[in-house]
Amino acid sequence: MIGKTFARSAAAAVVLLGGSLLFAQEPPATLTIHPDQSVHAVSPMLYGLMTEEINYSYDGGLYAEMVRNRTFRDDWSGVPYWYLVEDGNSVAKMEPDHTTGPSDALKNSMRIDVEKADAKNPAGVLNVGYWGMALRPNTTYKGSFYAKADSAEVGPVTVSLVSNDTGTARATATVTGLGTDWKQHEFTLKTGSLTASAANHLVLTVAHPGKLWLNLVSLFPPTYHGRANGNRADLMEKMAAMHPTFLRFPGGNYLEGNHISERFEWKKTIGPLVDRPTHPSPWNYHSTDGMGLLEFLYWCEDLKIQPVLAVYAGYSLMGEHVEPGPQLDSYVQDALDELEYVTGGTDTRWGAVRAKNGHPAPFKLTYVEIGNEDWFDKSGSYEGRYEQFYKAIKAKYPQLQLIATAPLKNFKPDVLDEHFYVRATQNFKDATHYDKTDRNGPKIFVGEWATREGAPTPNFGAALGDAAWMTGLERNSDIVIMTAYAPLFVNVNPGGMQWETDLIGYDTMHSYGSPAYYAQVLFAKYLGNEVVASDLKGAGPKLFYSITKNTAKKQLYLKLVNASSDPQQISIELPGAKLASSARVESLTARSTQATNTIYDPKFIAPVESTLNNVSSSFQHTLPPYTIQAIRFDEQ
Ligand code: AHR
């Protein structure tokens, strides 16, 4: 038995107390901390968010729209997510119509030819939503649609939210005023007492024969901060709990598109929804562009964080690129216009457009990213493209910090974005990655990183890899100024995921944070503003730590990560420190690296609070196996 224990880990020791075998454990470590010796400042923007349209992050995710394919895009199979309703003995047919639509952006519609219908036998269409429609009791849902009819007599339109299971309408509204010209109609649906469920659909019917054309059928639940065209509250709250400082958007691959014509064209994502043509995303589904540039900025405003705006820089995923020089000029101008839209006063052309769109005040912007992962561009054009954007942007906005997405040979960018998608073992080795980075080079933005173990969301082994990695990011946060996990979101419904290992999972009704999410919550919650001097001796290879201080609050934050299956004993030495005798501890722990949270068991692993009562300038602490801890010491 003892022999087997030793065989399992060469580094392991066996602790014998009073002659009896207790457990195998890592060799005891000594961690010496000098709270008064500051090594460097911690970057105040170290932890942020990275987002793009992937895994139904916006449509079917954060963006709270309930109607799927609201603009009636059709394909070989018909009009996805829409079905004909012929109640009773009504007779109707539905067909995509490419000859008429409510705007230049939306030139198509759904035509419903009602041959026979009456009040008891209505006909129309239904939408199944994004894996259903979440209905909650006593809740108001706000909707609208664009419509025209061959005669006003076809109306009114009855709009109902109907239970899939019982066929019962849970809320109904009657919309009058149909005319022969396209017009937007608004309605409100209010539920009464019901059991919350996603098994519902939306029905629009008429009770008279005739022709009806529809487009942009939209329905929203109450949103975060009550914003029109806004976001799901549960997901916004989960992000807020991460204490982020910035949002990198709109990608990622989503910025670039598969082809230049499929890039994120910000000018087509602003203003009324009816003026947004929508566009194909590289993640194999079509984007509504309801989450447009201003919505991203509102998202930042609501979380009180800064945008890190990525501008399209002339390279798309399938390899098309724009040569630097005159061909690139219009793309550079587009970026300048975008920066003016975000930061310009209302006396500027694009600042005035932003004001017209609803936000007169400019947004604060410090960082602009030129492209995404341009090391994929094998044409060698990135250096020239970056330089062209750099010169044009700096000429007008010298204060902006410009991020490069690939190393440059002859030009020092302000900041370099580096991405890491690895396994936990690599992060254990790589926790020292930035320890020796040249401090005279560009600042580093780790704009995408994740330990990819677990699907759809990371398991505890991944959380341990992440936590080990984050100790290195904090220790090097003089050079690593910003970091963001990616991808942030995944819709866990069948077909919702395009990329495995995503931080926050959700379905139509509920959401949950993965163990890795909680690791980030802990790290960002106890960030501090200075890294203090420390030294670790004698530990096993899977012990990681970070020690920072919050000078204003007079608190010391120690993060400890034991990625071993054995406990880790640590002598914590704080020479000369005057600390309160008890400290607050938040622990994340699991019995297996495969343990995880799911939509059905969302808090199987979550931080547990406790108190450490033996704090002094020299004390013993035992870190259980597979544990991430944040300890807050208060200075006396
Ligand atoms: O995060 C998923 C993808 O990984 C991003 O879109 C891209 O930037 C990276 O390759």
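Order of listing sets the numbers, starting from 1, for every ligand and every atom in it. Index from 1, following the sequence. Source: prediction; values computed, not measured.
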Would you mind listing which atoms of ligand 1 come within a distance below 4.0 Å of any non-hydrogen atom of G252? 6 (O), 8 (O)

Say you draw a straight line from OG of S511 to CG of L62; how long is it, rounded to the nearest 0.5 Å? 10.5 Å

Distance under 4.0 Å to a non-hydrogen atom of E373: what atoms of ligand 1 satisfy this? 7 (C), 8 (O), 9 (C), 10 (O)

Measure from the side-chain N and O atoms of R354 to the backbone N and O of G344, and report whether any donor-acceptor pair falls under 3.5 Å. yes

Which residue and heavy atom of the protein sit nearest atom 7 (C) of ligand 1, plus the separation: N253 OD1, 3.2 Å

Is there a polar contact between ligand 1 and Y421, counting only N or O atoms under 3.5 Å apart? yes

Using a strict 4.0 Å cut-off to heavy atoms of W283, name the atoms of ligand 1 that fall inside it. 3 (C), 6 (O)

Check whether NZ of the Lys or CZ of the Arg K559 lies under 6.0 Å from the centre of the six-membered ring of F523 and within 45 degrees of that ring's axis. yes

NZ of K364: more than 12 outside heavy atoms within 6.0 angstrom? no

Which one of W499, W469, W449 satisfies the ring-ring contact (aromatic ring centres under 6.0 Å, His included) criterion with Y421? W499

Within-shell test, P487 vs ligand 1, heavy atom, strictly < 4.0 Å: yes

Atom 8 (O) of ligand 1 sits nearest the protein heavy atom E448 OE2, 2.7 Å

Quick one: nearest non-hydrogen protein atom to atom 6 (O) of ligand 1, plus distance? E52 OE2, 2.4 Å

In Å, rounded to the nearest 0.5 Å, how long is the span from OH of Y63 to CE of M291? 8.0 Å

Tell me whether the count of non-hydrogen atoms from other residues, nucleotides or ligands lying under 6.0 Å of NZ in K603 goes above 12. no

Within the structure, does N372 bring an N/O atom to less than 3.5 angstrom of an N/O atom in ligand 1? yes

